[in-house]
A.B. asks: 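Structure incoming, see below.
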Number of protein chains: 2
Amino acid sequence: MPPGTAPLDTGETQDARREDPSSEVTPGAGTVATTAGELGRPATIRDVAALARVSHQTVHRFLQGYEGIRPATRERVVEALAALEYRPNLTARSLTTGRSMRIGALTHELDQFGPSKIIQGAAQAARDAGYVLDILSLDMGDPEEIDRALETVTQHDLAGVLALASTDHMAQAFGAANFRVPAFLAGEEDEFASDHPSQLTSVGFPALIDHLAGLGHHRLLHLAGPSAWSAARNRARAFETAVAGHGLVSDGVAHGDWTARSGYEVISALPSDLGFTAIVAANDQMALGALLALGERGLRVPEDISVTGIDDIPDAAYFSPPLTTLRVDFVAQGRRAVEHLLARIAQREPADDDALISQLVARRSTGAAAR
Amino acid sequence: MPPGTAPLDTGETQDARREDPSSEVTPGAGTVATTAGELGRPATIRDVAALARVSHQTVHRFLQGYEGIRPATRERVVEALAALEYRPNLTARSLTTGRSMRIGALTHELDQFGPSKIIQGAAQAARDAGYVLDILSLDMGDPEEIDRALETVTQHDLAGVLALASTDHMAQAFGAANFRVPAFLAGEEDEFASDHPSQLTSVGFPALIDHLAGLGHHRLLHLAGPSAWSAARNRARAFETAVAGHGLVSDGVAHGDWTARSGYEVISALPSDLGFTAIVAANDQMALGALLALGERGLRVPEDISVTGIDDIPDAAYFSPPLTTLRVDFVAQGRRAVEHLLARIAQREPADDDALISQLVARRSTGAAAR
DNA sequence: GACCAACTTGTTACCGGTCACATTCGGGAT
DNA sequence: ATCCCGAATGTGACCGGTAACAAGTTGGTC
């Protein structure tokens, strides 16, 4: 279903008004009493009250779901509400209550699979709880960017802030920040650790290494992400742990920057005599680059060498060959982060969550070790 | 630089307060006069005024950049502002002014390359203009989703709404909606049309077809997107036009759904005797699927058949083989959409924009036509 | 029919900026 | 010194909800 693309147009425009003089207006009933949908200011609670010939407070009570309103009164309110197409002004509401129903999400690299999926999950969870997720996508690289974002955040009164930090730099900046509202600083979900509650080897990083070991691989190369990323470190650590646990040999760690290009370059630069028989890339993109580099070196995958990724991006199933990888549930991570934040906002303990466990997805990029 | 992934953590938390009793408090100067960063209510304009021994209006004037404030007075205000760590309350501001500095962006499929890049550009442009972009990612498929989103939009008073419609369904829903604020409904940027102002054949869709023609290809297959997407129709139309313009033969149009899977399945399902020598996919993902399917059919790319995509997603350069494609500037599209909206909000004419022209990126997936 | 409690409804003030208007201040001219 | 005028500053109301409290109704009881 998902499209690969969705660009924009020359721009149809539309006006923010509508002709619909379907309702009656009480003549002289206050300043406004505009007809529904007219271009004038939207109806307020007092306009509704005037039309219904009650006090604004009665309208307010109705909107709050208060039961003790006489049926006759209630009916007039309902009618006025409909006639004026009343919509509560959330700005005014949050000014008095001091609470808003908006959560700010500070993130970056939104064009990447992981972050965007996390945001998707977070947006879902927020919406389910009646909140709106305001996404503030930071442009890293600009050092002032974070400061400006924080400034923004503190001004738009938010119910809470979700700070999605991927790198140490961001984590540090967020950690030092004074958001003035409940904040939840989320970093890397360490779901690859082998000391996980679940001892199953059929899932998670151990499953991946187990899979490779079962195919006869002994020497493995880890193609890691940049070490400033907690995700990269966690994955590298999980790799080492799992390798050691299986009595295999790590042939060292090469560092890329998550991109396919870096995977390509790292593998291309390797000396001609590869000591390992399998490459465990820290994400699918780098695995993609590795596949290309291996092909150019005349090595077949998986006959000569096996390659695995992490994430299971949608395209991974259609690489040449289709990539064996660990599926990560980013959406759940985003949802969980919001739930934690909501708990914090409500000043209650967050629900214990199940461990997120990545799933091994075996495809054709892994095969029996050569010779 | 971009990461392939960025998951979350077990959740470091942080409190929204800070110990910093660095500033002096005027004893008894009003109700508040809290020390900076304390957990009490944030300082208001009146708190600042009390501390500076001026009226709230003077503080207001200062904040507005009013020049006519006596130096001595000004200094007291500046000090009070700093001491109390004053931050304007944008909620209160927009309540009175009736204007907010927030733009809502209705979109969907945010996990896809095109949409996320568009949003990135839109967020940039919005920020440059001092606005914040509130991203409302819709979950298509749920028919009520759009209605709820519209409800949300009308309640959170926004300066304007950017409706990014990819499909006819969404365009229709947005078109029928009453946003009550300036709105800009953006659809597919038709940058592939061959009747474009620019007659250059070195860019855009004609360049792609020209490239293929130059390699000796005569019969081409278009692997199109779902026809409910305006982008799919535009690209298909541009394909037909360009093909006709070069005296080539279109071998028909096959429809996918933008995914690699659909590209794979469509190409796999083709009869064994392919009449064409090149596949022009409407996006890179489908081209990826096509590459895999062709490989499985024993066809080499580009020796036996050439394949092209559209978008130039970052991974396309590392497909096996690297994909010849048209690079589309989604970021610019997003930026442009926001600029149009801002013009509409300011009730001025939008600046004429240059035509967006996709660039041919020739890589190794295209080669001389077989035989 | 009077009286009281419970139920309905209304009144007023407030949130934190902004706006329109009023008032006070300061310095030059007389 | 006095007067005047523009510059500087202050006052009060308002935006659209919400909250606290007050007032008006209703119904039941004696």
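These numbers come from a predicted model, not from an experiment. Here is how names work: the chains are called A, B, and so on, in the same order as the sequence lines, proteins then strands, and each is numbered from 1.
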A.B. asks: Under a 4.0 Å N-O cut-off, is there an ion pair linking A:R344 with A:E339?
C.D. replies: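 Between A:E339 and A:R344 there is no salt bridge, as every charged N stays at least 4.0 Å from the carboxylate O atoms.
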A.B. asks: Could you tell me the separation between the CD atom of A:Q155 and the C1' atom of C:dG16, rounded to a whole number of Å?
C.D. replies: 14 Å
A.B. asks: Quick one: is C:dG17 close enough that its OP1 or OP2 comes under 4.0 Å of any side-chain N or O from B:H60?
C.D. replies: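 Result: no.
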A.B. asks: Can you tell me how far P of D:dG16 sits from CG of B:N89, to the nearest Å?
C.D. replies: 17 Å
A.B. asks: How many Å lie between CG on A:L63 and P on D:dT18, as a whole number?
C.D. replies: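 Computing the A:L63:CG to D:dT18:P distance gives 7 Å.
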A.B. asks: Between P on D:dT18 and CZ on A:R99, what's the gap in Å once rounded to a whole number?
C.D. replies: 10 Å
A.B. asks: Separation of A:H156 atom NE2 from C:dG17 atom P, in whole Å?
C.D. replies: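 Distance check: A:H156 NE2 to C:dG17 P gives 14 Å.
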A.B. asks: Can you build the contact string for nucleotides 5-15 of chain C? Use B for base contact, S for sugar-phosphate-only contact, and - for no protein heavy atom under 4.0 Å.
C.D. replies: ---BBBBBB-B
A.B. asks: Heavy atoms only, 4.0 Å cut-off, all strands: where does A:Y86 land among base, sugar-phosphate and nothing?
C.D. replies: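 Sugar-phosphate contact only.
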A.B. asks: Is the count of non-hydrogen atoms from other residues, nucleotides or ligands lying under 6.0 Å from B:R99 atom CZ greater than 12?
C.D. replies: no
A.B. asks: Could you tell me whether A:E75 and A:R70 make a salt bridge, using a distance below 4.0 angstrom between a side-chain N and a carboxylate O?
C.D. replies: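 Result for this pair is no, no salt bridge flagged.
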A.B. asks: Should the ring pair B:F179 and B:F174 be called parallel, tilted or perpendicular, given that the plane angle runs from 0 to 90° and is split at 30 and 60?
C.D. replies: tilted
